[in-house]
Enquirer: 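One structure coming up, written as structure tokens, with questions to follow.
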Amino acid sequence: MAMLDFGGTEEKVVLRKEFPLKKALETLKDETIAVIGYGVQGPGQSMNLRDNGFNVIVGQRKGGASWDKAVKDGWVPGETLFPIEEAAAKGTIIQYLLSDAAQIEVWPKLKPHLTPGKALYFSHGFGITYNDQTGIHAPEGVDVILVAPKGSGTSLRRMFVAGRGLNSSYAIAQDATGRAYERVIALGIGVGSGYLFETDFKREVYSDLTGERGTLMGAIQGIFEAQYDVLRSHGHTPSEAFNETVEELTQSLMPLVAENGMDWMYANCSTTAQRGALDWKDKFRDATKPVFEDLYNSVATGKEAKRSIDSNSQPDYRVKLEAELKELQDSEMWRAGRTVRSLRPENN
Ligand SMILES: NC(=O)c1ccc[n+]([C@@H]2O[C@H](COP(=O)([O-])OP(=O)(O)OC[C@H]3O[C@@H](n4cnc5c(N)ncnc54)[C@H](O)[C@@H]3O)[C@@H](O)[C@H]2O)c1
Ligand SMILES: CC(C)(O)[C@@H](O)C(=O)O
Ligand SMILES: [Mg+2]
Ligand SMILES: [Mg+2]
């Protein structure tokens, strides 16, 4: 564990070189890791663990698209791929990677398999933090741990394959065996994390729900829409509006931010752009900060959790979700985006 300076605040983090893969493998050599759920995180985490040499099995509802995907990814029915309860019975570490709503539904069937000495692992603080709504109360004899990759399971896998790593947070809610720390860090390394930073279940879910509703997904689409619509309403073409709103950001400027920070990206733009961006950033901050405060409050009071649980438990949830996503897909901005992407030289 290292204490590092993050912009003036000292934080406890775990680096790969402090807890190398060899140590992680040694720590978990007698464990069977049962990854329950093969949606987005399930494939990323289970395949990274498998490729890293851990003893992994997958538990997934039989007969659906996710089961078929698992078979395609090399999991063998009856050997390394089982129905959920069978995998949970075999696992000494149970990685609960069903969707947050499905975790509630399946919990009564999973709980009997959480016998003393096992570990219950989450990638989200949701189920435990909002247990007044989820009903997820872990039995006393099990470790309750969390590794939350800070990104999509798709990126977790892609970055692992490319020899990179996605940063993750880790937390321990219950240390029944005295081994919770070594177990959680070994798993964090095993799933392909970059560095690991400490959190607790509540802070993880509050920050995660805020981030995805905010700058990572919700706010970014909202700002894209606002700027695109203003440009279009003033007579700019879709090509111009899309390039000036999205394409330039993802293809030119964000890679510079990723590489060396916002200051460096600013330094590589014109003095005209620098002046304008420095003048306008405070206006955008002040306009959006009350919205972020509202959002955080909605997360902290459990309103967002309730909305997510309620909407996910509607029988027509999938149909409605697909209709909303289709609306996004069919919007002029993202239709224009498809044409723009097809014109990238590497796609020709
Ligand atoms: N999606 C991500 O990349 C991501 C990133 C970080 C953390 N997380 C967290 O990881 C966990 C898993 O999320 P996900 O996005 O991979 O889940 P998901 O929505 O992709 O679903 C995972 C699995 O749940 C199964 N499932 C759904 N309803 C079910 C039911 N009623 N009974 C049995 N199985 C059912 C599906 O078949 C699927 O295989 C969640 O806690 C989530 O918050 C996800
Ligand atoms: C990938 C995200 C947005 O970070 C994750 O939190 C999720 O819920 O899918
Ligand atoms: Mg999330
Ligand atoms: Mg997240």
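Just follow the structure's listing: the first ligand is 1, and inside any ligand the first atom is 1. All of these numbers come straight from a predicted model, not from anything done at the bench. Nothing fancy with the numbering, it's 1 onward along the sequence.
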Enquirer: Do the side chains of Glu332 and Arg335 get close enough for a salt bridge, i.e. N-O under 4.0 angstrom?
Expert: no
Enquirer: Should Asp143 and Lys118 count as an ion pair when the cut-off is N to O under 4.0 Å?
Expert: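 Answer for the salt bridge query: no.
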Enquirer: Quick one: which ligand 2 atoms are inside 4.0 Å of a heavy atom on Asp208?
Expert: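 What qualifies from ligand 2 is 6 (O).
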Enquirer: Can you find a heavy atom in the side chain of Ile33 that is under 4.5 Å from one in the side chain of Ile57?
Expert: no
Enquirer: Could Arg179 and Glu31 be called an ion pair, given the rule that one side-chain N must be under 4.0 Å from one carboxylate O?
Expert: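 Salt bridge flag = yes for Glu31 with Arg179.
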Enquirer: Near Ser152, which atoms of ligand 2 are under 4.0 Å from a heavy atom of that residue?
Expert: 1 (C)
Enquirer: How far apart are the C-alpha atoms of Phe126 and Tyr130, what are their side-chain angles, what is the distance that settles it, and do they pass the ring pair (Phe, Tyr, Trp, His ring centres under 6.0 Å) test?
Expert: CA-CA 6 Å; Phe126 195 101; Tyr130 299 116; 5.4 Å; yes
Enquirer: Sort by chain and number the protein N/O/S atoms that are closer than 2.8 Å to the Mg ion (ligand 3), and list them.
Expert: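 Listed by chain and number, the nearby protein N, O or S atoms are Asp208 OD2, Glu212 OE1.
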Enquirer: For atom 8 (O) of ligand 2, what's the nearest protein heavy atom and its distance?
Expert: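 Protein heavy atom at minimum distance: Glu212 OE1, 3.0 Å.
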Enquirer: For ligand 2, is Lys150 a contact, meaning one of its heavy atoms is under 4.0 Å away?
Expert: no
Enquirer: For Met217, take its heavy atoms, then give the atoms of ligand 2 lying under 4.0 Å from any of them.
Expert: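 Taking each heavy atom of Met217 in turn, ligand 2 has 3 (C) under 4.0 Å.
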Enquirer: With rounding to the nearest 0.5 Å, note down the distance linking OG1 in Thr80 to NZ in Lys90.
Expert: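 One gets 11.0 Å once the value is rounded to the nearest 0.5 Å.
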Enquirer: Between the side chains of Arg157 and Asn48, does any donor sit under 3.5 Å from an acceptor?
Expert: yes
Enquirer: May I ask you to say whether Arg203 pairs ionically with Asp200, meaning some side-chain N is under 4.0 Å from a carboxylate O?
Expert: yes
